[in-house]
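In what follows, a structure is listed as structure tokens, so that the remarks can point back to it.
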Number of protein chains: 2
Amino acid sequence: MEPYKLFEAEHKFVHLIWEHEPINSTELVKLSHDKLGWKKSTTYTVLRKLCERGILRNEDALVSAIVKKADAQQYESQTMIKKTFDGSLPQFLTAFLKENKLTEKEAAELKRIIEEAAE
Amino acid sequence: MEPYKLFEAEHKFVHLIWEHEPINSTELVKLSHDKLGWKKSTTYTVLRKLCERGILRNEDALVSAIVKKADAQQYESQTMIKKTFDGSLPQFLTAFLKENKLTEKEAAELKRIIEEAAE
DNA sequence: TCCTGAAGTTTATCGCAGTAAACCTTATAG
DNA sequence: CTATAAGGTTTACTGCGATAAACTTCAGGA
């Protein structure tokens, strides 16, 4: 399995952990119950699988992420653009902005981000 | 089911059709066999489901798309950004560009696209 | 009249993601 | 000692997406 590929349930779970890490595993069971409606065993099953894949770690009942949020996001955005937009960022942006107009301020911020990635 | 949501297999299939529409259904069976390795019945099963959901149409053995590519792309990009980036385009761009540097020319094109969406 | 190929449906199998019940082990408060 | 809670694992069911085998219907050529 590709390292960063997350299934839907895993995705929600990992996002939850990024928001709360490091977190005690019993706390995590409570949190998953509240936010995702999961039973204890579900939490531990998903947790273990993600640990086996090197995405999370659980040491002495303290859970944290090995894969950093930014890296996983990078992977996901890249994968999506490849799959849906032929790998073309301009094609993506065009599609996305078609129904999402920008304020001047937002536009300026985006342009700054682009300039920083240029050359 | 949300109208534009496509599963993996459907996704590939619809992309194939966008590239070839309008296309005779028997031709499509051949095409799906060549490009996706599908049997005839698989093609017809997937086709029918997508027709029922109003995404494709099959009239007198002529298959075409009801949902336009640009709209489906827009939906997908939006959904992904909501799910993975909290709905934030800047967050998305930052992540994507972290490992993807741009030439001056590409940067200029992106800025143009952004300016067109501002106003 | 029979055959063939186009066009499509009915019905099923199968693997996997999602979810959890039931069980286990160890530490420790009473 | 012993009941309880923390911190898990083992095992399994279930629904659904992916895929297809087998059947049906009908038009048109030999």
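Lettering follows sequence order; numbering is per chain, from 1.
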Rounded to whole angstrom units, what separation is found between the [atom1] atom of [X] and the [atom2] atom of [N]?
X: A:L56; N: D:dG8; atom1: CG; atom2: P; answer: 13 Å
X: B:L50; N: D:dG17; atom1: CG; atom2: P; answer: 12 Å
X: B:K49; N: C:dT10; atom1: NZ; atom2: C1'; answer: 13 Å
X: A:K40; N: C:dC24; atom1: NZ; atom2: P; answer: 13 Å
X: A:W38; N: C:dT19; atom1: CH2; atom2: P; answer: 6 Å
X: A:K39; N: C:dA20; atom1: NZ; atom2: P; answer: 6 Å
X: A:E8; N: C:dT19; atom1: CD; atom2: C1'; answer: 15 Å

Winner on side-chain proximity to A:F7, out of C:dG18, D:dA18, C:dT9, is C:dG18
Nearest to the B:T45 side chain among C:dA20, D:dA20, D:dT9, which nucleotide is it?
D:dA20
Check this for me: does any side-chain nitrogen of one of B:K105 and B:E109 sit under 4.0 Å from a carboxylate oxygen of the other?
no
Checking A:K98 now: which residues fulfil salt bridge (Lys or Arg N to Asp or Glu O under 4.0 Å) with it, not counting sequence neighbours?
B:D71
Under the salt bridge (Lys or Arg N to Asp or Glu O under 4.0 Å) test, which residues partner B:K111, sequence neighbours left out?
A:E115
Test of understanding: with side chain to side chain contact (heavy atoms under 4.5 Å, CB included), list the residues that count as partners of B:A108, not counting sequence neighbours.
none
Is the phosphate of D:dG8 approached by A:R48 (side-chain N or O, under 4.0 Å from OP1 or OP2)?
no
Taking N and O atoms by type only, does the side chain of B:S41 place a donor or acceptor under 3.5 Å from a partner on the base of D:dA22?
no
Check: residues 9-16 of chain B side-chain donor-acceptor pairs under 3.5 Å, at least two apart:
residue	atom	partner	partner atom	Å
B:E10	OE1	B:F7	N	3.0
B:E10	OE1	B:R53	NH1	3.3
B:E10	OE1	B:R53	NH2	3.3
B:E10	OE2	B:R53	NH1	2.8
B:H11	NE2	B:E76	OE2	3.1

Check each residue of residues 18-37 of chain A for a non-hydrogen atom within less than 4.0 Å of any atom in DNA chain C, then write out the ones that pass by number, or none.
A:G37
Enumerate the salt bridge (Lys or Arg N to Asp or Glu O under 4.0 Å) contacts for residues 57-66 of chain A, please, sequence neighbours excluded, ordered by first and then second residue.
none
Which residue pairs pass the salt bridge (Lys or Arg N to Asp or Glu O under 4.0 Å) test when at least one of the two sits in residues 31-43 of chain A, sequence neighbours left out?
none
Within residues 9-16 of chain A: residues closer than 4.0 Å to DNA chain D (heavy atoms)
none
Expected output is a numbered-order residue list: members of residues 58-66 of chain B with a heavy atom under 4.0 Å from any atom of DNA chain D. What is it?
none
In chain order, what residues pass the side-chain hydrogen bond (donor to acceptor under 3.5 Å, both in side chains) check against [X], with sequence neighbours excluded?
X: A:K83; value: B:E8
X: B:E106; value: B:T103
X: B:Q74; value: B:Q78

Heavy-atom donor-acceptor pair, A:Q73 side chain to B:A95 backbone, under 3.5 Å
no
